[in-house]
Amino acid sequence: MTEISRRAAIGATLALPLAAPSLRAQALTKLRVSVIPVLDVAPLHAAIRHGYFAAEGIEIDTSTTAGGATGLPGVVAGQFRMAFTNTVSALLGVREGLDFRFVAPAVRSQPNPPDSMAILVRKGSGITNGKQLEGKRVASNTRNNIVWLRGMAWIDKTGGEWRKVNAVEVPFPQMADALAGGQIDAGLFSEPFVTAALQAHGDKLERIGWFIHETAPASSVAQYVAMKEDAERNAEVFERFARGLAKGTDWVNERLGKPELLELISGFSRVPVERLRDCAFTVYVKEVTEAEIAEVIATMTKFGLGGRFPEPSQLIFRTAKA
Amino acid sequence: MRRFTSGFWLILALLALWEVSARAGWVDSPNWPPLTHVLAALLRDTASGEIPMLVGSTLARMFAGLAGGTVAGVAMGLLFGASPLAARVLGPTVELVRPIPIPAIIPPLVLFLGLDNGMKISIAAITAFFPVLTNTAQGLRAVEADQLAMARTFGVPAWRRLFLVTLPAILPYVLAGLRVALALALVTTVVAEMIAGEQGVGHYLVLMQFAGRAEEMYAAVLVLAALGYALNRGFLWLERRLIGWFFATGRDG
């Protein structure tokens, strides 16, 4: 092989992976969606794997961010067409004047226990309610999100004054160690970290409540959010997304507790299947209702996150309605 | 074969302490797995090809950034040396921007450059730019005036003086800057991967952390340690080959 042709061959090999995606993109409309690797995005991955989006002529490119909060800012900046986000964070953006719209449903809390979020304390601490948590350190993964809001609501409901609680931020992966080690007095956990904490420190930790289910059963937890302008201008793209996602939701709901679903979730989250088997799941839903958004806004207002919000009916794009 | 130094034995002792502390339950947490489990995970994900792929992609981004940042740093350094006006105008800005921790500017870079290669390569480039720039500027002051004057006397044109006299003379300084940049660029590239996107060792590390798989997470940490060490050793080897004359004149000590 001469030097020139070898160079050309190497050049072509290097250029191939760069050229391939753009060729594919001509066939399918590509949508970039920000997600977090949690059980709640199982329908999205099911729809990708089983070709429900491809059947709608769209290709979903997920961008997983485990720790950071690049989702909503990324939607505003145009890096993502959509972000999977908890309802409170989305509504706080709306309150600050960002034109977010709920374009597709995701999950609600369970109507009956077990729920996917739980408050854990150390065994022997004697803490069983919010009243006893006054002056104590209570951890949520982030302040001012759905976990924090429902945690404060649980403290309020069980007789505590939420303003007297010392709320601290601890990432989910470190929460169990921080609680067992005594750095915090209670943790607001989400699955699969509830199961992991009880498996690893079952002798030291115990669950004293399902804080979302007990304060707001079957309430709004998370949705897919896009910018209003994009949703209105490209409504047809979001309709196709919602249709594909709905099929993914059906697929998941038909396989709750089955190995197929656990393997799917383990595939994208890398959580071992053995742990997922013991996890409590959220409820995968197919619509966002005005009532559930109104309830979140009312609860936010009660716990210091109030402000001027548009009517819930305006915030829910038609693709997310039943 | 060279005999093992006491430093080597210390590393072995620390690794043994890791294994024992996890096995004996001195640290009671699944986030402190025994070293042998970590090594098993490392072996598994290396054999599956996942870790080699991730390391390759992280290194590709890091080296692309290093190359860009080095070229820009040398160019800017030469400009500073050639034009006192440029140094006066741009100097304060460079001095203000230089101390900013690179991870702090990742969010705005995400805004402007997105979450993929463009942003991460830029991070590595910015990391490399400043140490190379300062060292280039310093190297220029060390170029011997006699050499330049002689070249001028012999009628060597300016652009050839640059390549024949100035650049070889400042090479040791540029390489010293590059060595600093190399260590920093690995850090910042991985941090950028941890914050955004689904790429490289950094993303693997965070994903495994959130999946509660401490073995894989520490495997990534071990990979990064080995990578940092190997890069530095490789660089020293390259430096000896490129600028042996510099060390031969005894100017390194």
Side-chain angles (χ1 to χ4, degrees), chain A residues 14 17-18 21 32 34-39 61-71 73-80 141 171-181 190-204 265-276 279, chain B residues 22 25-33 37 41 44-45 48 50-51 53-54 56-57 60 64 103-104 106-120 190-200 202-220:
Chain A
L14 290 176
L18 299 173
R32 196 146 210 224
S34 163
V35 293
I36 35 183
V38 290
L39 319 180
D61 171 21
T62 61
S63 179
T64 303
T65 313
T70 52
V75 172
V76 176
Q79 308 288 356
F80 306 122
N141 65 326
F172 284 132
Q174 279 79 47
M175 220 179 249
D177 287 338
L179 185 56
S190 170
E191 290 285 21
F193 300 99
V194 181
T195 302
L198 291 174
Q199 277 176 359
H201 298 289
D203 52 332
K204 286 189 201 149
I265 295 173
S266 181
F268 67 78
S269 71
R270 305 297 287 267
V271 176
V273 171
E274 319 78 83
R275 185 172 305 148
L276 288 173
C279 283
Chain B
W26 297 346
V27 184
D28 179 23
S29 165
N31 286 330
W32 191 240
H37 291 187
R44 197 175 53 240
D45 283 5
S48 77
E50 183 172 16
I51 286 183
M53 279 259 295
L54 295 170
S57 78
I106 293 178
L109 278 182
V110 167
L111 179 62
F112 295 119
L113 298 172
L115 295 153
D116 301 317
N117 288 333
M119 182 270 287
K120 285 158 195 166
V190 170
V191 168
E193 290 172 345
M194 289 173 79
I195 289 180
E198 285 183 12
Q199 298 171 310
H203 173 254
Y204 175 88
L205 207 157
V206 176
L207 183 66
M208 289 309 172
Q209 190 190 359
F210 273 79
R213 296 174 72 157
E215 285 88 359
E216 281 83 354
M217 193 191 82
Y218 284 109

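Predicted model, so just to flag it, every value in this text is computed and none were measured. Residue numbers begin at 1 in each chain, while the letters A, B, ... track the order of the sequences.
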- Go through the structure and list residues passing side-chain contact (heavy atoms from CB on, under 4.5 Å) with B:M208, not counting sequence neighbours.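 Testing B:M208 for side-chain contact (heavy atoms from CB on, under 4.5 Å), a comparison that skips the adjacent residues, returns A:R270, B:Y204, B:R213, B:E216, B:M217.
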- Sequence-distant partners of A:A77, side-chain contact (heavy atoms from CB on, under 4.5 Å), two or more places apart: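 Partners of A:A77 under the side-chain contact (heavy atoms from CB on, under 4.5 Å) test: A:Q79, B:L111.
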Shortest non-hydrogen contact between [X] and [Y], atoms and distance:
| X | Y | result |
| --- | --- | --- |
| B:L115 | A:S63 | CD1-OG, 4.0 Å |
| B:N31 | A:P173 | ND2-O, 3.4 Å |
| A:F193 | B:F210 | CZ-O, 3.1 Å |
| B:P30 | A:A200 | CG-CB, 3.3 Å |

- Query: Is there a side-chain contact between B:W32 and A:D177 (heavy atoms, below 4.5 Å)?
  - Reply: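 Of all side-chain heavy-atom pairs linking A:D177 with B:W32, none is under 4.5 Å.
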- Can you say whether B:L113 sits under 4.5 Å from chain A via the side chain, the backbone, both, or neither, judging by heavy atoms?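 Backbone only.
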- Message: So for A:T62, is it side chain, backbone, both, or neither that comes closer than 4.5 Å to the heavy atoms of chain B?
- Response: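 Both parts, backbone and side chain.
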